[in-house]
Amino acid sequence: MDNNYNINTKCVQGGYTPGNGEPRQIPIIQSTTFKYDTSEDMGKLFDLEASGYFYTRLQNPTNDYVAAKIAQLEGGTAAMLTSSGQAANFFALFNICPCGSHIVASSSIYGGTFNLISVTMAKMGITATFVSPDCTPEELDNAFTKNTRAVFGETIANPALTVLDIEKFAKAAHSHGVPLIVDNTFPTPVNCRPIEWGADIVTHSTTKYMDGHGAAVGGAIVDSGKFDWMAHADKFPGLCTPDDSYHGITYAEKFGKEGAFITKCTAQLMRDLGCIQSPQNAYILNLGLESLHVRMPRHVENGQAVAEFLQSHPKVAYVNYPGLPNNKYYKLAQKYLPNGGCGVVSFGLKGGRQAAETFMKNLKLAAIETHVADARTCCLNPATSTHRQMNDQQLKEAGVPAELIRISCGIEDKADLIADLAQALEKI
Ligand SMILES: *Cc1c(COP(=O)(O)O)cnc(C)c1O
């Protein structure tokens with residue numbers, strides 16, 4: 001599809017263009033394997049001499065249609081789908097960070113990604129230095145070692161709602177000859193396209209707004225095609241020297257800047273680790289993408305209205321939403337997210353754990369869930385649910401004080417959402 005179309009059009013029609021008499025909707029290729037006339041034909045696929053499909057553990061046409069749409073939305077050159085957001089972030093990092101390498105990451109990231117990097121990847125011999133997203137350029141610079149191979153951050157962090165200064169992180173990464181990887185799950189490409197600000201690789205938990213209906217777990221990796229691996233060949237031997245497990249192919253030579261990262265990630269990591277999204281889930285994801293540009297503005301409108309309502313309520317101690325002018329990240333949000341960020345708002349109730357418990361119990365529309373970024377509004381008080389083993393002091397140290405509530409505003413009518421919150425606050 002013509003890349004000059006607006007993002008709204010790409011959401012609806014990107015990635016898949018049917019030919020004469022072909023299905024209008026993306027076909028679900030529910031097949032593990034693909035048939036060939038000669039062994040030689042298939043051999044060419046294995047050698048990466050021809051493009052095509054042989055086994056759905058590595059690639060499937062349904063997934064590739066949807067990945068192509070996400071690449072268009074983000075302004076990238078290549079993309080792939082993974083079984084989850086966790087798999088997307090792991091693959092994006094592990095594709096260029098072998099044992100002995102080092103990652104610089106923002107400390108304000110999703111808990112699952114923090115564990116992935118600080119615990120699981122550490123066991124694989126990959127170390128990390130976490131920096132505050134608010135660090136000075138000098139502090140950021142000091143976090144690098146000679147083994148640093150990637151920089152990682154989230155456009156809007158889940159759940160802290162900090163906004164990443166993408167240009168600051170991209171500049172630091174590039175001055176050290178490594179790429180910036182940005183998890184763009186919360187704003188989605190409708191509200192921010194990190195590649196336009198210097199990010200090299202973009203990842204997603206498509207489980208969130210992209211699917212948007214709480215229906216399918218999934219992830220995506222998009223390559224900007226801009227990072228020049230060969231210019232830093234000493235740092236990225238996996239891309240810039242022959243791969244013995246693939247008949248001596250040098251990815252950066254054969255597939256260029258535009259295709260090397262995703263081809264290697266598919267040929268090696270998907271082959272060996274197999275975290276692929278099912279074609280059925282890719283189809284469901286695409287249904288979500290078709291309305292992403294219609295849903296995101298409503299999530300933002302509801303998030304902003306709920307944040308403003310809560311801020312003016314006497315029983316609310318504080319509200320954290322980057323769209324509020326008194327928010328620490330308001331200026332960065334104005335720059336990177338001029339149309340708003342997302343529908344997730346966090347706030348603290350006066351009266352601590354007791355008040356939070358009463359409030360949660362009395363919600364009618366907002367459902368109690370750990371999920372976020374769904375068309376239906378959902379709400380979580382970590383102290384009385386996910387983090388209930390912790391005492392008040394431990395909760396405070398973990399950054400989830402007892403009174404903290406996270407609300408993910410859906411796309412219902414904002415008047416109904418505010419009325420629900422008002423009646424629950426009334427009961428405290
Ligand atoms: C949820 C989430 C993830 C993990 O995604 P899953 O699909 O749950 O594996 C990663 N990053 C962010 C920002 C998330 O919100």
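Counting starts at 1 for both ligands and their atoms, in listed order. In this text the structure is predicted, and so the values were computed from the model without any measurement.
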Checklist entry - Got Ser101 and Thr148 here, is their nearest side-chain heavy-atom distance under 4.5 Å? => result no

| Tell me, do Val306 and Lys414 make a side-chain contact under 4.5 Å, heavy atoms counted? | no

Tabulated below should be the N or O atoms of ligand 1 paired with protein N or O atoms at under 3.5 Å; can you produce that?
residue: ligand 1; atom: 5 (O); partner: Ser205; partner atom: OG; Å: 3.0
residue: ligand 1; atom: 7 (O); partner: Gly85; partner atom: N; Å: 2.9
residue: ligand 1; atom: 7 (O); partner: Ser205; partner atom: OG; Å: 2.8
residue: ligand 1; atom: 7 (O); partner: Thr207; partner atom: OG1; Å: 2.6
residue: ligand 1; atom: 9 (O); partner: Gly85; partner atom: N; Å: 3.1
residue: ligand 1; atom: 9 (O); partner: Gln86; partner atom: N; Å: 2.9
residue: ligand 1; atom: 11 (N); partner: Asp183; partner atom: OD2; Å: 2.7
residue: ligand 1; atom: 15 (O); partner: Asn158; partner atom: ND2; Å: 2.8
residue: ligand 1; atom: 15 (O); partner: Lys208; partner atom: NZ; Å: 2.6

Aromatic contact, Phe261 with Trp229 (centres under 6.0 Å) = yes

Residue set satisfying ring-ring contact (aromatic ring centres under 6.0 Å, His included) with Phe34, at least two apart, ordered chain then number -> Tyr53

Tightest non-hydrogen contact, residues His371 and Gly214, listed as NE2-CA, 4.1 Å

When you measure from the centre of the six-membered ring of Tyr110, is the NZ or CZ of Lys208 closer than 6.0 Å and no more than 45° off the axis? yes

